[in-house]
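Report on the following structure.
As the structure is a prediction and not an experimental result, all values here were calculated from the model. Labels below follow one simple rule: chain letters A, B, ... track the order of the sequence lines, proteins then strands, and each chain is numbered from 1.
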Amino acid sequence: MSKDVFKKCFLPTLECGVAINKKNSINALPAQIDLPVMEAGILEYWTKNQVFEKSVENRNGAQRWSFYEGPPTANGKPGTHHIEARVFKDLFPRFQTMKGKQVIRKAGWDCHGLPVEIAVEKELGFTGKADIEKFGVAAFNEKCKESVQRHVTEFTDMTKRMGFWVDFDEAYWTMSPEYIESVWWSLQQIWNKGLLVQDHRVAPYCPRCGTGLSDHELAQGYETIKDPSVFVRFPATSGKLSELKASLLVWTTTPWTLVSNTAVAVNPKVEYQVIEITVDDKTERLVVAADLVGVLGEDRKVIATFMGKELEHTKYSKPFDLVEIENSHFVVLADYVTVEDGTGLVHQSPAFGADDLEVCRKYNLPVVNPINPDGHFKKEVALVGGVFFKEADKPLIKDLKSRNLLFKSLQFEHSYPHCWRCHTALMYYAQPSWYIKTTAIKQDLLRENSTTDWHPETIKTGRFGDWLNNNIDWAVSRNRYWGTPLPIWRCENNHEICVGSLAELGKLAGQELSKLDPHRPFVDDIKFNCQECQTQMQRIPEVIDCWYDSGAMPFAQWGYPHRAGSVEQFKAAYPADFICEAIDQTRGWFYTLMTIGTLVFDKSSYKTVLCLGHILDKDGRKMSKHLGNVLEPMPLMNQHGADAVRWYMLAAGSPWSARRVGHDAITDVVRKTLLTYWNTISFFTLYANAADFEVTEISSDLTLMDRWILSELNKLIAGVDLALENFDSQLAGSLLATFIDDLSNWYVRRSRRRFWDGDPVALNTLYFCLKNLTLLLAPMVPFISEHVWQSLIRVAQSNQPESVHLADFPISDAKRIDENLSASVSLSRRLVELGRSARAESGVKIRQPLSRALVSASGWEKISEEIKTHIADELNIQKLDGIHVAEADLVDVSVKANFRTLGTKFGAEVQDIAKAITEADHTLMVKHLRENKSFEINLKTASGKKVVSIDIDDLVVTETPRTGWSVASHAGESLALDLALTPELIQMGVVREVIRAVQEERKRIGLDISDRITVNWNAPEQIALAIIESEAEISSEVLATKMMRQSKQSNSDNELGLWLELIKS
RNA sequence: GGGCCUAUAGCUCAGCUUGGUUAGAGCGCUUCCCUGAUAAGGAAGAGGUCUGUGGUUCAAGUCCACAUAGGCCCA
C-alpha cells in the first residue's frame, strides 16, 4: 500500500474518532502498516488535542512521581545515544502516569561550558584565549548563546519526533538569569558553611595557549613520545639512613621538575631496603623498595630493611640548589606510591603534580613554581633561566651527572598529553582555583548513596561507591568566559563576599540590577565598596564548572528560592523518584546532583536512578564522528519508525548493558513483534467487521482456549507491571513478545473457525486481549498503540478515553489465572510440535488424516478432553491415547538419570547411581516403580556394597511404541503416529485437498470472505466420487450454494486433476 | 597505569542471582509442510572449543582466580 492510500484510510478515523462506515461498526484495518507515516498522523493528533498536557492535568491531586530531566549540552547535533536515554526517560513516566501518578516533566538545556565555547571558537576560527579577548567577551558570549539556541532546535525536533513527552514550554535553561541567580544562592549556602574556598590546583595546562585544559580536551591530545627517564641519588642527611651513608634513589620522567623538588614520598606500608652495590670498584648504598631492587643489577647486598613509615622525616640533600625552598627536603608518606615501576621512592614537586600537591599540603610544604605561565623558567633561575621546560631536561641531566648524582638515565616511551590545538606538550601546572570541599561531607554522601536505589545495583557499591570513597575536593572554577560567573567579590585587602541574588548585588552596589544580564562581562562591571575597609570590591574573574549548573537543576529549574511559588514547586518534587542517564554520568551528573543536594539540603536529589549502558555501532565500537559510524537519529526514525527504534532500545537487550545498534537489528525486532501485533489487530477487525461485533462483558460460557488466553493475559499484566516497576524493560518486552506470539500463533490459530463463524465469545475474548495488550504496550510504543486505540478501541467503545495515554494501566485479575491450564496447554503445544516432527519424518502430510496417535508424557493424565481435541485437530488425527493402552510388550522403555534430583539426594554417589540406572532393565524398573513407588539399587562403592532407593521422579522415562509407528520424542515426552491408512482416511484426505483448492481459487479471484458461490467442477472419476459423497461438507466449508459437475470440462493441471469455476451467487 | 562493566550460533540477544549431564530464542541460510492473518505461519537441517587458562565440585556457560579483547570512567 502506498503511503498516500494509507493516509486516506487512517486520518478520517482519527479526525472524528469514529469509524467511517455508517453502521458505526469496526472497520477492517489493512494488513500492512507504514509506521513512519502512521506516526506523523499520531504526532499531529497529540498536538492538536494536547494529549500530553491532559495526561499531566488528569492526575492533578494524585500522588506525585518526580522525574528530573538531565539537560543535554546543546553544543552539537543530537546523536542516536541521545535517543537511547530519552526512550527510557519517556517509558517510565508514561507507565507511572497510567498507574495513576502525576509526572511533571520539565525539559532542560545545559547551555554553558567549554564545549560550547570550543564549538564557537571553531566557527570563528579562533586558536586561543587571546583571540576571544580581542573579539570581546560580550560579543563572544553572544555567539555562544546563539549557538546554544540553534542546537536546541535540533534537539527539540528529534525529541518530539521520537515521542518523548516533555514540556518544552516550561524548559529550564541554565543560562537564564533566574537559573543563574538560583545557582548563586546555592553557592552562597555552601560559602556560608565554609565549604567554598580558594586553593592551588594542579591542572593540565598549555603553556603556549596560556590556558588550562579540561579533561575532555586532554583526552583528544595524547601522543606517544620519548622522554628521558632518570634515576637520581638523593643523599640522606639525617636519621639511620644518614648513619648508613645511604642515598635515596628516585626515579622520574620529568627531570625539569627536579629543580623544584620539595620532598620524596614513600609508601608507609611498603618495605624498603638499603642495598650495597659495587660498580667500577666504587661501593655505594642506595635505598629502594624491596620489590624493586632489580633496578640495581644482580650483584647486591642487603644492609638494612625498613618499613616506609620508619623513614618519615628523613632529611636529604636536594638535587638542585637553583631556587629557594624553605623547610623542605625530607621523606613524606603517601599511600598512592606503588612498587610497579621506578624505585618506590617518588620525587615530589607540588607545583607540577596533583598527587604531589596533596601530599605536600599535609606536611605544610611550600608550593614553589620556578616556571612562568608561558612555560619558560624564570629569568633569575641559574642554569636553566629562560629555557622552555621541555628543553631544560638535557642541561639538568648533564649537571646531575657532573655532580655524580645521576645513577642511571634511559629513554622512556609513553603517551603524554599534548594540546589538541597546537600540539605543545602540556604541563601539569599549579594554578589558584576555587574548590568545594566535598571531602568534608564524604560521610554524608556515603550515607545518601546507601539509601539510593541503583539499577543496576552493582553501581552503588561499585563504580559510584568507589568514586565517593576516593572523593577529592571539587575544583569548581574555570578561567573562561561562557559560564555562570562565580558570585564572589573581593577588595584590595582580600575581604571577600559571596552574593546570592541580583537583588542582593543591587543593594550592595546601590543600584537597580534586577534586569542585569548576570553573565560576563556585564557582571564584572559591578563594583562597590568593601563594608569592612571601604576599598573597592570587584568580582573575581572565574566562571564555574558547567557540571555545577546541571547538578543544581533540582532547585534552579524552579528559580528557587527567589521566584514566586518556587519554594512549593521545589518541595513537591524533591527528591526525584527517578532519574535516568547513561553510565558515563556516574562521575558527571549523578555525582553533581547528589553532591549539591547533600551540600545544600543535606539530602540527595534522587531516590532511584537507572543507569544505562552505552549503545555501540553494529561492529561493537562506540559511535563517534571520528570513526564515521554515527547513526543519525532522524533518518533512523524516518526509515524504521520511532516505535521501532524505541522497541529496539527497550526490549532487545538489557538497559544496563552496552548494545549494538544497526539497521538490520531494528528491522528484525519490528517484523517479529510489532507487525505480528498489528497483524492480529488487522485479523480481528476483518472478522469483527463481518460479524457486526459489539463489545460485551467477558462471557461466562468461555471455551477452554478463551480461559487459557485470559489466564495468560492476566499473568502478562502482572508480569509487565512488576518488570516496569523494576525498570526492567527487557523483561517487559520479552513477556509482551511471548504473549503476542501465544495470542497470534496459538489462540487465534486454534480459534480460527470460531472467528470465521463470527462467534461473539471468541471475538469478545480476542478484543479484550487486544485492548489490554494495547494498554500494556502504550508506554513502550506510544504511536502504534495510539493508532490501535483510535482506529479500533474507540470505534468499538466510544466511551473510552480520547487517548490510550489517558487510560489507566490494566490490573491483573488473579482469579482468571489458572496455572494448571497454562501447564496443560503448554504441554499440548509441545506435543503438537512432536506430532509435526513425526509427520515431517514420515512424509505423511497433515492434510492426510490419520487414525490414531499414542502419547507418553508426564502430565498427560491431567490434560482435558478439550485440549486433546485441539491436539488431534492440529495434527489431523482422529484419536489420541496415552501409551498405557498399548500392549506392554510392544513398548520400548528408555530411562535416563535425573541428575537434578539425584544430585541433591546422593551427592558424590550420583555418578555410580546413574551408571547402575543405565545398566538396569528399564522396562522392569519402570514397571516396579509404577507399582511400588520406590526401587532399590545395589551400589558397589570403594567402601563396599550399598543399597540406595530411588523413586520415579529420579528418572527421565521415555516410552515409545516398538513397530509400525512414526515416533518423535524430546525430554521424556513422546508422540507416536499410527501410519496405517484406510480407504476412508484417504477419501477424507481428498476432501480436504478439494476444499483447499476451492479456497485458493476464491482468494485468487478476489472474493470477499462472506461471498456465497456456485461451484462448477470436474475431476477424474475416483476424486469425483469422493467429492459427490462429501458435497455437503465441502459446500459448507467453501460457502457454496450449489455444486455442479461439468463433465465436458477437461482436467486442469493441479495435483488432483481438478477443474474449477467459481461464480458469485 | 587503576577501577568497573561486557564477551554464548553468521547477526541481535536470553540463560548466570539459585551449578544438574542434549545451552535456547529471533533473524539469516538449506530442504520441506501448511494455506481465508498469506509479503503471515509451521517442521527438519546446517551452524556453538558458551573468549582463553587454571581452580572449586560427583557435576561448571553458571561459582572463584588469572589472562586476552572491547567499552566506560579515572590517571
Proximity to the side chain of Val910(A) - top-ranked nucleotide from A37(B), U21(B), C74(B): U21(B)
Separation of atom CG in Asn898(A) from atom C1' in A59(B), rounded to whole Å: 14 Å
Check: Asp728(A) side chain, Ala723(A) main-chain N or O, donor-acceptor pair, under 3.5 Å: no
Sugar-phosphate, base or nothing in reach of Thr901(A), heavy atoms under 4.0 Å: nothing
Integer angstrom distance from the P of C27(B) to that of A43(B): 11 Å
Watson-Crick or G-U wobble mate for G54(B), both contacts under 3.5 Å: C64(B)
Nearest-Å distance for atom pair CG/P, residues Leu29(A) and A37(B): 16 Å
Residue whose nearest RNA chain B nucleotide is more 5′ - Phe899(A) or Ala651(A): Ala651(A)
Separation of G42(B) P from Trp746(A) CH2 (nearest whole Å): 11 Å
Distance below 4.0 Å between Gln730(A) side-chain N/O and A14(B) OP1 or OP2: yes
Euclidean distance for C1', A75(B) against G24(B) (whole angstrom): 43 Å
Among A37(B), G20(B), U35(B), the nucleotide that comes nearest once only the side chain of Arg992(A) is considered: U35(B)
RNA chain B: 5'-proximal contact among Thr458(A) and Leu1039(A) (nearest heavy atom): Thr458(A)
Spacing between Gln585(A) atom CD and G71(B) atom P, to the nearest angstrom: 19 Å
Residue-phosphate contact under 4.0 Å: Arg996(A) side-chain N/O, U35(B) OP1/OP2: yes
Within-4.5 Å side-chain heavy-atom neighbours: Asn876(A) and Leu850(A): no
Euclidean distance for C1', C66(B) against U22(B) (whole angstrom): 31 Å
Atom P, compared across A69(B) and G55(B): separation rounded to whole Å: 23 Å
Check: Thr685(A) side chain, Leu29(A) main-chain N or O, donor-acceptor pair, under 3.5 Å: yes
Rounded distance in Å - CZ (Arg753(A)) to C1' (U35(B)): 13 Å
Gap between atoms CD and P, on Glu874(A) and C34(B) respectively (whole Å): 13 Å
Watson-Crick or G-U wobble partner of U6(B), both distances under 3.5 Å: A69(B)
Among Tyr677(A), Trp678(A), Phe755(A), Phe693(A), the one residue meeting ring pair (Phe, Tyr, Trp, His ring centres under 6.0 Å) with Phe684(A): Phe693(A)
Atom P, compared across A67(B) and G3(B): separation rounded to whole Å: 10 Å
Separation of atom CD in Glu84(A) from atom P in C72(B), rounded to whole Å: 13 Å
Base-pairing mate for U49(B) - Watson-Crick or G-U, with both contacts under 3.5 Å: none
Strand partner of A43(B), provided both Watson-Crick or wobble distances fall under 3.5 Å: U31(B)
Interatomic distance at C1', G10(B) relative to G71(B), whole Å: 23 Å
Separation between the C1' atoms of U68(B) and G52(B), rounded to whole Å: 7 Å
Sugar-phosphate only, base, or nothing, as touched by Phe590(A) at under 4.0 Å among non-hydrogen atoms: nothing
Verdict with supporting geometry, Val337(A) and Val270(A), side chain to side chain contact (heavy atoms under 4.5 Å, CB included): CA-CA 9 Å; Val337(A) 175; Val270(A) 163; over 6 Å; no
A37(B) phosphate, OP1 or OP2, under 4.0 Å from Arg749(A) side-chain N/O: no
Closest heavy-atom pair and its distance - Leu612(A), Cys580(A): CD1-SG, 3.8 Å
Interatomic distance, Asp742(A) CG vs A37(B) P [rounded to whole Å]: 19 Å
Side chain Asn469(A), main chain Gly465(A), donor-acceptor under 3.5 Å: yes
Selected nucleotide, minimal atom distance to Val748(A) side chain, candidates A37(B), G20(B), U21(B): A37(B)
Distance-only donor-acceptor test, Ser744(A) side-chain atoms vs A37(B) base atoms, 3.5 Å: yes
Rounded distance in Å between the C1' positions of U31(B) and G48(B): 22 Å
